[in-house]
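Take a look at the structure below.
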Amino acid sequence: MKNALSMYWKYCFLLSGLLVSVEAFSQNQPSEKKSEIKELEEVLISNTVQKRKKEESLNVETVNNSFIQRNLGGSLMQSLQKLPGVKTISIGSGGSKPLIRGLSFNQVIVVENGLKHEGQQWGADHGLEIDQYAVNRVEIIKGPSSFIYGSDAVGGAINIKPLPLPSQSTFGGSFDLTGKSNNAQFGSSINLFGRNKNWFFDSRVTTMDYGDYRVPTDVVHVYSYAVPLYKNHLRNTAGKELDFHLSTGYSGEHFKSVFYFSNVHTKSGFFANAHGLEPRNVDLELHDKSSRDILMPYQQVNHLKVSNTTSFQLGNHAFETQIGFQNNFRREYSHYVNHGYMPAIYPKDMYALKDLERQYDKDVWSFSAKDEFRLNRHQITVGTNIAGQENAIGGWSFLIPAFTQFNAGLFAYDKIELNEKWFLHSAIRYDYGKIKMKSYYDWFQSPVSENNQTQMQYLQRSQDLTKTFNSFTWSVGANYNLENLSLKANVGSSFRMPIAKELASNGINYHYFRFEKGNPNLDAERSYQLDLGIEWNQQNWSFQLTPFVNYFPNFIYLNPTSAHDIYYGAGNQVFEYEQSKVFRYGAEFQTRYYFLKSLSAEIGAEYLYSEQKSGSKKGYTLPFSPPPSVLFGLNYEPQINFLKEPYFSVDYRFTAQQNNIVPPEKKTAESHVFNLALGSKVKTGKQDISINIQIQNLFNTKYLNHTSFYRLIELPEAGRNFIVSTKIPFSISR
């Protein structure tokens, strides 16, 4: 690792010297105009954020690129975990999915550049295909957001805002470099942008390469079997990532049209001892030869996005349209292991590769349009969203069928500015959805007994099934703002269509050693929620409290039964999708106090309680319910002549024990974790080089994360991790 860090710093200094030379050369060239980079952008964003929070009745948190840079994790969602109410379901060191107030999967949506991200978000082992280096500003909406985004926004939304357009007559870019000690990761990202008066482009290429990550233990218990870990490495959790982004278009005074193109490609391994294989049958010697190889089982995911957003002004009306296409192609590879009546030897004439366990191929086409206009004190927005998708499957293992889906919605939203202190909000939306699932038969025969006779048949795992859903959702809210005090309240309903996995799954989930069975009789999931907010701001002290109450009359969940499958799963326990009434409440609290201009302390706390009020699990909570936690932080930002915006921070997170569980979940003990961070911008002529250093899990504490994908096998979180990241901008005037 010392060699890797040494090479990293040499690379930084070489790039710094190169950029200084380029800058000096450009300064010596004749030019009629000389431009300076003035960092007004974040000030403007900050003002916009405060204005939005005071005028928005939903609870919204906004972070910018500086926040992500200072809290850089293995993925975008891991970088946002410092915010109260936001957690992740982590899949190793390089993948995670959002968890907002205890809800995730298809109950939380992610929007990138105005386009709803459509991957395979239904799977606990499926991460989010987002390049965090390409993220400039993120809005986290806590609570139901269906009236804005439609189905799936029951729990909230992660809204990744578009990058700001380059300034006129500029050409420049930046180099981002990152090194991490825990998994020996090296990452780099190169950005180039340019613009004349109206035409512009902004591009980025990101690459990451990392090895097996380390945990503070030398043995892991996969159920009842003890698995030794070589040098604390979690074997086969290495990975690679290669991403490309391009935005280009035209921006005029009353017309703007932007094309977005991105492709995110990842390859990463699954922990070899916990992927449907007998832990004792893993070839330890083979896996432990190298911490950087990616052997089976592993996954390859490619996510392509192409979209156009066009906005124009006609009188008092601001119109915006968006057309988008996405393809998510996911393959999971594993050694062929026969279960149930599957043949012992894989057939040579099979349609799928021997090692291709599962394949999912999703195409999504979407269109949206909206019109925003003012009418006296009313700011009105009306719009529509339409999306169609086609999902194909492959591989020798079956879990969900192939299906097609169509969604359409209409909405109207009115924000009324009564005066400088009072804002009222009302919204209504209608959604229609149709999902059509295709039949599927086993590729192998199983014995079926009828009338005392046994015959070998290709059993049907899913039937042709078409379901339609429709719903009205609504929302009303109010804001009251004084000089230092802001109050808000919002009450609304949300709606979510059942997904193919919930309706028609019929197979083994190897990651959880269970047989999952869908329920074709599920109704659309509905939610009603009251959100409150109080915020106080003065010169040296601020606080924010955001309580909520939430009721689901028909929450969809996966229920463990007493049955065990004998045909497909070789005795695995059967889990079935059911619906029940669920009551939830909780709150987030944030406060910051400035002892001095350069010294401040902050506290961020969160609490969530969930209880099922009906069904076979009446009285239990919901799966993946995060325990209460409190984050204490101390920040020091001194004034140093040759440095710009230097900072030093230490934080301590206390996470309470989680005894309120849903079997087969296990109780999780409390944890105490410390982190350090420091950094600054170094002045180099017109450009400022940013350097950020983190030490995560400072004392190499062994602890469990209740919402982690690997919590089921009592796998502790990653050990001590040194993270060094550098951003080197450059600009050539034109």
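One is the number of the first residue; the rest follow in order along the sequence. The analysis underlying the following values was restricted to heavy atoms, covering all of them including side chains, and did not include hydrogens, waters or symmetry mates.
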Open item on the list: Let's go through Ser505 and Glu516 carefully: what are the C-alpha distance in whole Å and the side-chain angles of both, what is the deciding distance for side chain to side chain donor-acceptor pair (under 3.5 Å) to 0.1 Å, and is it a yes or a no?
Closed with: CA-CA 6 Å; Ser505 60; Glu516 298 182 4; 4.9 Å; no
Task: Heavy-atom neighbours of Lys666 NZ exceed 12 at 6.0 Å - done: yes
Open item on the list: For a quick test of reading the model, state the closest non-hydrogen atom pair linking Pro98 to Val110 and the distance between them.
Closed with: CG-CG2, 4.1 Å
TODO: Report yes or no: do Thr591 and Trp541 form a side-chain donor-acceptor pair below 3.5 Å?
DONE: yes
Open item on the list: Any salt bridge linking Glu606 with Lys87? Criterion: basic side-chain nitrogen under 4.0 Å from a carboxylate oxygen.
Closed with: yes
Open item on the list: Regarding Thr546 and Asn59, do their side chains bring together a donor and an acceptor under 3.5 Å, going by distance alone?
Closed with: no
Task: N/O donor-acceptor pair under 3.5 Å between Ser614 side chain and Lys581 backbone - done: yes
Task: Heavy-atom pair with the smallest gap, counting every atom of Ser79 and Gly73 - done: OG-N, 2.8 Å
Open item on the list: As a test of understanding, state which of Asn721, Leu676, Val673 forms a side-chain contact (heavy atoms from CB on, under 4.5 Å) with Leu698.
Closed with: Leu676
Task: Residues Ser542, Arg592; criterion side chain to side chain donor-acceptor pair (under 3.5 Å); working and verdict - done: CA-CA 5 Å; Ser542 65; Arg592 180 184 288 268; 5.7 Å; no
Open item on the list: As an exercise, state the distance from CH2 of Trp536 to CG of Leu485, rounded to the nearest 0.5 Å.
Closed with: 6.5 Å
Task: More than 12 heavy atoms from other groups under 6.0 Å of OH on Tyr230 - done: no
Task: Over all atoms of both residues, closest heavy-atom pair of Ile435 and Pro498 - done: CD1-O, 4.5 Å
Task: Test item: Glu576 side-chain N/O and Thr561 main-chain N/O as donor-acceptor pair under 3.5 Å - done: no
Open item on the list: I want to know whether Phe583 and Tyr551 have ring centres closer than 6.0 Å.
Closed with: no
Open item on the list: Would the distance check show the side chain of Asp212 and the main-chain N or O of Ala238 forming a donor-acceptor pair, the cut-off being under 3.5 Å?
Closed with: yes
- [ ] Quick one: sort the Phe699 and Phe674 rings into parallel, tilted or perpendicular, breaks at 30° and 60°.
- [x] perpendicular
Task: Whether Lys97 side chain and His126 backbone form a donor-acceptor pair below 3.5 Å - done: yes
TODO: Ignoring hydrogens and angles, tell me if any N or O in the side chain of Gln658 forms a donor-acceptor pair with the backbone of His706 under 3.5 Å.
DONE: no
Open item on the list: If the threshold is 4.0 Å, N to carboxylate O, is there a salt bridge linking Asp651 and Arg653?
Closed with: no
Open item on the list: When you measure from the side chain of Arg461 to the backbone of Asn506, do you find a donor-acceptor pair of N or O atoms at a distance under 3.5 Å?
Closed with: yes
- [ ] With side chain to side chain donor-acceptor pair (under 3.5 Å) as the test, would you mind laying out the steps for Ser268 and Gln299 before giving the verdict?
- [x] CA-CA 6 Å; Ser268 58; Gln299 58 183 340; 3.2 Å; yes
TODO: Identify the heavy atoms of Leu76 and Ile130 that sit nearest to each other, and give their distance.
DONE: CD2-CG2, 3.9 Å
Open item on the list: Against Asp531, only a single residue in Arg101, Lys488, Lys142 fulfils salt bridge (Lys or Arg N to Asp or Glu O under 4.0 Å); can you say which?
Closed with: Arg101
Open item on the list: Between Asn236 (side chain only) and Phe270 (backbone N and O only), is there a donor and an acceptor less than 3.5 Å apart?
Closed with: yes
TODO: Consider only side-chain N and O atoms of Gln544 and Glu61, and report whether a donor and an acceptor are under 3.5 Å apart.
DONE: yes
- [ ] Would you check if the side chain of Asn232 reaches a backbone N or O of Thr217 as a donor-acceptor pair within less than 3.5 Å?
- [x] yes
- [ ] Might you point out which heavy atoms bring Tyr577 and Gly518 nearest each other, and give the distance in Å?
- [x] CD1-CA, 4.0 Å
Task: Ring geometry between His672 and Tyr652 (parallel below 30°, tilted from 30 to 60°, perpendicular above 60°) - done: parallel
Task: Heavy-atom neighbours of Tyr620 OH exceed 12 at 6.0 Å - done: no
- [ ] Ignoring hydrogens and angles, state whether a donor on the side chain of Arg584 or Asn550 is under 3.5 Å from an acceptor on the partner side chain.
- [x] yes
Task: Asn106-Arg496 side chain donor-acceptor pair, cut-off 3.5 Å - done: no
Open item on the list: Treating Glu714 as the side-chain partner and Val220 as the backbone partner, does any N or O pair qualify as donor plus acceptor under 3.5 Å?
Closed with: no
Open item on the list: Looking at every non-hydrogen atom in both residues, tell me the closest pair between Pro716 and Lys702 and how far apart they are.
Closed with: CB-CG, 4.0 Å
TODO: State, without any angle test, whether Glu129 and Asn328 hold a side-chain donor-acceptor pair at a distance under 3.5 Å.
DONE: yes
Open item on the list: Which residue is it: Phe105, Phe403, Tyr360? I am looking for the one with a ring-ring contact (aromatic ring centres under 6.0 Å, His included) to Trp122.
Closed with: Tyr360
- [ ] Please check if the side chain of Thr621 supplies one atom and the backbone of Ser610 the other of a donor-acceptor pair under 3.5 Å.
- [x] yes
TODO: Verify the distance criterion only: is there a donor paired with an acceptor across the side chains of Asn490 and Ser475 at less than 3.5 Å?
DONE: yes
